[in-house]
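Notes for the one structure printed next.
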Amino acid sequence: MSPYKSYQTIENLAQAVGQHVTLRGWVYDRTGKGKLQFIKLRDGSGICQCVVFKPNVAEEVFANAEQLTQESSVAISGTVRAEERAPGGFEIDVTDVKIYSIAKDYPITPKEHGTEFLMEHRHLWLRSSRQHAIMRVRSSVIKAIRDFFDGNGFRLMDSPLLTPNACEGTSTLFETEYFDLGKAYLSQSGQLYAEASAMSLGRVYTFGPTFRAERSKTRRHLTEFWMVEPEMAFFDLNDDMDLAEDMVEYIVQYVLKTCQKELATLGRDVSKLEAVRRPFYRMSYTEAVEWLNKNNVKLNKKQADGTEIQIDFPWGEDFGAPQEEAIMQQFDKPCIIHRYPSEVKAFYMKRDPENTKCALAMDMLAPEGAGEIIGGSQREDDHDLLLERIIHENLPQEAFQWYLDLRKYGSVPHSGFGLGVERTVKWITGAEHIREVIPFPRMIYRIVP
RNA sequence: UCCGACUUAGCUCAGCUGGUUAGAGCAUCUGACUGUUAAUCAGAGGGUCCACAGUUCAAGUCUGUGAGUCGGAGCCA
């Protein structure tokens with residue numbers, strides 16, 4: 001018989017009290033005490049203590065238990081018992097221990113390790129309870145995102161990962177040869193294609209990995225990360241912001257509902273997440289600048305001679321991490337900052353008709369120092385204005401011909417945004433570093449394992 | 001790309017103003033133990049002190065260069 005459906009998982013042990021079961025998994029930890037062996041077994045769904053008492057089992061079974069090392073793989077049979085002394089509340093009274101494989105010298109011990117060591121053993125580090133919990137939250141975040149859009153009339157429309165040109169001209173791209181057609185680039189955003197898709201299906205989202213060859217080295221950057229990008233026909237900036245708030249609230253509340261155990265393992269203060277309810281805070285860029293200057297948050301500016309001076313924050317400058325952090329310190333839930341100076345924003349963003357110095361752009365900043373998780377905008381829908389900006393930014397006009405077509409044939413107001421999955425998971429889990437929230441992080445100085 | 005820090009046992013680290021044979025805890029191995037939770041107790045093994053060059057009677061320790069890693073800035077999700 002295939003074991004596919006007959007496995008007893010540790011997650012479901014509560015329903016199996018009194019029954020004789022077989023668990024399959026890996027030894028998380030073992031301690032011996034003479035005639036007693038305590039084996040903590042993990043099976044992917046949880047961890048369960050299994051107790052082997054010498055007088056109760058065959059000699060060979062006890063010998064098997066004694067030679068188990070950390071991460072050895074086993075099938076353990078026994079009776080499920082509710083037991084206060086066991087972590088998790090249940091334990092197995094073992095009758096049989098079958099060994100699949102004995103692990104020798106497993107490198108990651110229950111003691112502390114440094115970052116470099118753990119990163120080099122990422123393929124094994126994923127088995128640790130903290131990483132296990134983070135990955136389960138990640139999975140829930142992704143499910144929440146898909147459920148949210150699928151349940152609100154959106155269609156999934158994948159954008160290509162191999163692209164012929166930059167979407168946003170400024171950032172650096174990973175380059176590769178593409179047969180006889182010259183260079184191709186790994187996509188750093190699916191947005192332009194999502195716009196085309198929205199003109200067909202109305203409300204769409206693209207969901208996939210994106211690549212940025214930025215040489216940034218911070219705890220919130222990856223060179224390969226996952227992004228969900230909804231794009232909606234007939235949405236203006238306000239509709240866009242409403243949707244973003246709705247989605248983030250849904251994600252956080254879904255994780256709270258489905259990942260209680262994981263959040264507890266991570267030691268996350270869930271009251272901070274429970275507070276994430278609409279409406280969030282909103283501030284225009286201009287209001288934010290006024291706030292910074294009223295609260296004496298200065299900008300460090302390098303002068304020509306190399307010395308640094310502190311100046312009032314000038315309108316027109318883009319916010320850096322210090323400004324965003326200062327603004328967010330007053331908030332216990334996310335805040336959207338909107339209507340940035342168009343000079344610092346991408347060419348495809350629509351100008352604010354009430355103040356053409358501003359773009360109809362918005363960023364959502366998460367609280368607790370988590371920083372920017374969303375960037376979005378209402379898109380420029382006027383053909384001539386868009387073309388003007390492409391020329392002004394020295395972008396290759398031919399490459400954007402198809403994109404300009406969208407404004408030539410039935411252009412409509414439309415908006416969208418991009419949510420960084422890893423930044424969201426980092427915020428929700430409270431992880432120190434973004435490298436912990438993706439199974440195999442890709443960073444400027446690391447591509448292995 | 002810019003600024004700063006670090007590199008000593010399998011892991012995490014200590015090692016003072018340079019001075020005989022380089023230390024601890026954990027992990028590993030051997031033994032004891034019927035309730036462990038980072039078990040405890042007794043014992044054992046384990047080192048190219050990142051690399052190269054230099055100063056010195058003498059370098060883990062001082063100087064220079066290089067490599068690797070980490071943190072931060074900018075850029076962004």
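Here is the naming used below: chain letters follow the sequence lines, and residue numbers restart at 1 for every chain. Note that this is a predicted model, so its numbers are computed, not measured.
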*Please state the P separation for the pair B:rG64 and B:rA5 - nearest whole angstrom.*
12 Å
*A:Thr22-A:Arg24 side chain donor-acceptor pair, cut-off 3.5 Å*: no
*Counting heavy atoms from C-beta on, name the nucleotide in B:rU37, B:rC70, B:rC11 closest to the side chain of A:Pro87.*
B:rU37
*asked:* When you measure only distances, ignoring hydrogens and angles, does the side chain of A:Lys111 come within 3.5 Å of the base of B:rA38 through a donor and an acceptor?
replied: yes
*Atom P, compared across B:rA9 and B:rG60: separation rounded to whole Å*: 14 Å
*Rounded to the nearest Å, what distance is computed from the CD atom of residue A:Glu91 to the C1' atom of nucleotide B:rU34?*
12 Å
*Contact class for A:Gly371 (heavy atom, under 4.0 Å): base, sugar-phosphate, or nothing?*
nothing
*Indicate, yes or no, whether a donor-acceptor pair under 3.5 Å links the base of B:rC76 to the side chain of A:His221.*
yes
*Quick check: does any side chain N or O of A:Asp43 sit under 3.5 Å from a backbone N or O of A:Thr9, one acting as donor and the other as acceptor?*
no
*Closest non-hydrogen atom pair between A:Pro334 and A:Val248, with its separation*: CG-CG1, 4.4 Å
*asked:* Among B:rA39, B:rC76, B:rG74, which nucleotide has an atom closest to any side-chain atom of A:Arg212?
replied: B:rC76
*If we call it a pair only when both distances are under 3.5 Å in a Watson-Crick or G-U wobble match, what pairs with B:rG71?*
B:rC3
*Of the listed nucleotides B:rC11, B:rA73, B:rG35, the one nearest the side chain of A:Ala321*: B:rA73
_Using the side-chain heavy atoms of A:Val51, tell me which of these nucleotides is nearest: B:rA39, B:rG35, B:rA77._
B:rG35
_Need to verify one output field. Residue with the more 5' nearest nucleotide on RNA chain B, A:Gly420 or A:His113?_
A:His113
*A:Ile47 CD1 to B:rU36 P: how many Å, rounded?*
19 Å
*Starting at NZ of A:Lys345 and ending at P of B:rC76, how long is that distance when rounded to a whole Å?*
7 Å
*Which part of the nucleic acid, if any, lies within reach of A:Asp363 when heavy atoms closer than 4.0 Å are counted: base, sugar-phosphate only, or nothing?*
nothing
*Quickly work out the A:Phe211 CZ to B:rC75 C1' distance and round it to whole Å.*
19 Å
*Shortest side-chain distance from A:Lys40, nucleotide among B:rC76, B:rU37, B:rU69*: B:rU37
*Provide the distance between the two P atoms, one in B:rC13 and one in B:rA77, to the nearest whole Å.*
35 Å
*Contact class for A:Gln49 (heavy atom, under 4.0 Å): base, sugar-phosphate, or nothing?*
base
_What's the closest nucleotide to the side chain of A:Arg85 if the choices are B:rA39, B:rU37, B:rU12?_
B:rU37
_Nearest to the A:Arg435 side chain among B:rU36, B:rC76, B:rC70, which nucleotide is it?_
B:rC70
*Identify which nucleotide among B:rA73, B:rU34, B:rG35 has an atom closest to any side-chain atom of A:Phe53, counting heavy atoms from C-beta outward.*
B:rU34
*Select base, sugar-phosphate, or nothing to describe what A:His121 touches, counting heavy atoms under 4.0 Å on all strands.*
nothing
*Which value, in whole Å, describes the distance between the C1' atoms of nucleotides B:rU37 and B:rC75?*
46 Å
*Hunt down the Watson-Crick or G-U wobble partner of B:rC50, both distances under 3.5 Å, from any strand shown, or write none.*
B:rG66
_Tell me if a side-chain donor or acceptor on A:Arg122 pairs with a main-chain N or O of A:Pro439 at a distance below 3.5 Å._
yes
*Taking a pair as Watson-Crick or G-U wobble with both distances under 3.5 Å, which nucleotide is matched to B:rA58?*
none
*In whole angstrom, give the distance that lies between atom CD of A:Glu66 and atom P of B:rU36.*
18 Å
_Using a 4.0 Å heavy-atom cut-off, does A:Tyr106 contact any base of the nucleic acid, only the sugar-phosphate backbone, or nothing at all?_
nothing
*Answer yes or no: is there a donor N or O on one side and an acceptor on the other, between the side chain of A:Ser45 and the main chain of A:Ile10, under 3.5 Å?*
yes
*asked:* Could you identify the nucleotide paired to B:rU34, looking across every strand shown and requiring Watson-Crick or G-U wobble geometry with both distances under 3.5 Å?
replied: none
_Pairing nucleotide - B:rU20, Watson-Crick or G-U, each distance under 3.5 Å_ = none
_At 4.0 Å (heavy atoms only), tell me whether A:Leu222 reaches a base, stays on the sugar-phosphate, or touches nothing._
base
*Could you work out the separation of B:rA58 and B:rC2 based on their C1' atoms and round it to a whole Å?*
40 Å
*How close or far is atom C1' of B:rC75 from atom CZ of A:Phe225, stated in whole angstroms?*
12 Å
*Could you tell me whether A:Lys54 contacts a base, only the sugar-phosphate backbone, or nothing, with contacts defined as non-hydrogen atoms closer than 4.0 Å?*
nothing
*B:rG25 pairs with which nucleotide, Watson-Crick or G-U wobble, both distances below 3.5 Å?*
B:rC11
*Report which part of the nucleic acid A:Glu432 touches: base, sugar-phosphate, or nothing (heavy-atom distance under 4.0 Å, all strands).*
nothing
*Look at the side chain of A:Glu372 and decide which nucleotide, out of B:rC70, B:rG35, B:rC76, has an atom nearest to it.*
B:rC76
*May I ask you to say whether A:Arg136 pairs ionically with A:Glu262, meaning some side-chain N is under 4.0 Å from a carboxylate O?*
yes
*Rounded to the nearest angstrom, tell me the gap between atom CG in A:Asp29 and atom C1' in B:rU36.*
9 Å
*Can you tell me how far C1' in B:rG47 sits from the matching atom in B:rG23, rounded to whole Å?*
11 Å
*N/O donor-acceptor pair under 3.5 Å between A:Gln70 side chain and A:Ile108 backbone*: yes
_The test is side-chain contact (heavy atoms from CB on, under 4.5 Å); show your working for A:Phe225 and A:Arg423 and say whether it passes._
CA-CA 9 Å; A:Phe225 65 95; A:Arg423 290 213 177 150; over 6 Å; no
*Is A:Arg219 touching bases, backbone alone, or none of the nucleic acid, heavy atoms closer than 4.0 Å?*
sugar-phosphate
*Using a cut-off of 4.0 Å on non-hydrogen atoms, how would the nucleic acid contact of A:Ile373 be classed: base, sugar-phosphate, or nothing?*
sugar-phosphate
_P atoms of B:rA44 and B:rG25, separation to the nearest Å_ = 12 Å
*What nucleic acid atoms does A:Phe38 come within less than 4.0 Å of, heavy atoms only: base, sugar-phosphate, or nothing?*
base
*Cationic N near anionic O, under 4.0 Å, A:Arg379 to A:Asp240*: no
*C1' atom, B:rG45 versus B:rU7: distance in rounded Å?*
26 Å
*asked:* Quick check for you: among B:rC75, B:rU28, B:rA39, whose closest atom lies nearest to any side-chain atom of A:Asp105?
replied: B:rU28
